[in-house]
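The structure displayed is predicted, hence computed values, not measured ones. Proteins come first, then strands; the chains are lettered A, B, ... in the order of their sequence lines, and each starts at number 1.
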Amino acid sequence: KAGVTQTPRYLIKTRGQQVTLSCSPISGHRSVSWYQQTPGQGLQFLFEYFSETQRNKGNFPGRFSGRQFSNSRSEMNVSTLELGDSALYLCASSPGTGGDTQYFGPGTRLTVL
Amino acid sequence: AQTVTQSQPEMSVQEAETVTLSCTYDTSESNYYLFWYKQPPSRQMILVIRQEAYKQQNATENRFSVNFQKAAKSFSLKISDSQLGDTAMYFCAFMKGLGSGYALNFGKGTSLLVTP
């Protein structure tokens, strides 16, 4: 099976802009989770989608949003970008039942100037 | 909230030697899952090993094994016969077993360097 794919791999934006990141899960997986990785805060959970519904949400401002499509692909949107949003954004997919292993994509490196 | 602590920010080991990475966690849950992931310089997060809390037997995957001490809330990773390709950042992670939605709660990581 093909792994989790994320596009784009690299992105450079300026403050105030918005950005959309995409994640395609492993075929058959219905859950997609998003994580932000920064040197200062480490890995932090953003949100999880399962069957097109947000099932869990981390402690991030409302500028961070997401959605999931009927084919399980997910997008994450960040509006009004701030310098502190510069990070590696990781997407992970799993079948969606309790305790499933999450398989990660290669990440999208976002730089905000 | 569950916290995961990795007390060793950096470690170094020689090729073919054995190294143990420490992880402790804090939770009031009785049903949960624990993971070790590695993140090499490519930044791709790769599953190393997984442990279900209800299983007393320690998980093993080839050269990788864990020492799971539920009462002590400890979950260490042992890498035997270390190889240069094991050089990576290693993250310990906790996942609750109940409720809707399953988020991984990560430790800060241990940077492991394997030297020739």
Toward chain A, the part of B:Q39 with a non-hydrogen atom under 4.5 Å: side chain
Option among A:D85, A:L113, A:V112, A:T80 that satisfies the side-chain contact (heavy atoms from CB on, under 4.5 Å) test with A:R15: A:V112
Proximal component of A:Y49, with respect to chain B [non-hydrogen, under 4.5 Å]: neither
Heavy-atom pairs under 4.5 Å with chain B, option from A:Q44, A:Q37, A:Q54, A:R109 with the top count: A:Q37
Contacting region of B:L104 [heavy-atom separation from chain A under 4.5 Å]: both
Name of the residue among B:V19, B:D86, B:L113, B:T20 meeting side-chain contact (heavy atoms from CB on, under 4.5 Å) with B:V13: B:V19
When A:S31, A:S33, A:G105 are compared by non-hydrogen pairs under 4.5 Å with chain B, the top option: A:G105
side-chain contact (heavy atoms from CB on, under 4.5 Å) between B:E15 and B:E17, intermediate numbers included: CA-CA 6 Å; B:E15 226 176 340; B:E17 297 295 307; over 6 Å; no
Side chain to side chain, B:I46 and B:V48, heavy atoms closer than 4.5 Å: no
Donor + acceptor pair across side chains of A:T38, A:Q41 (<3.5 Å): no
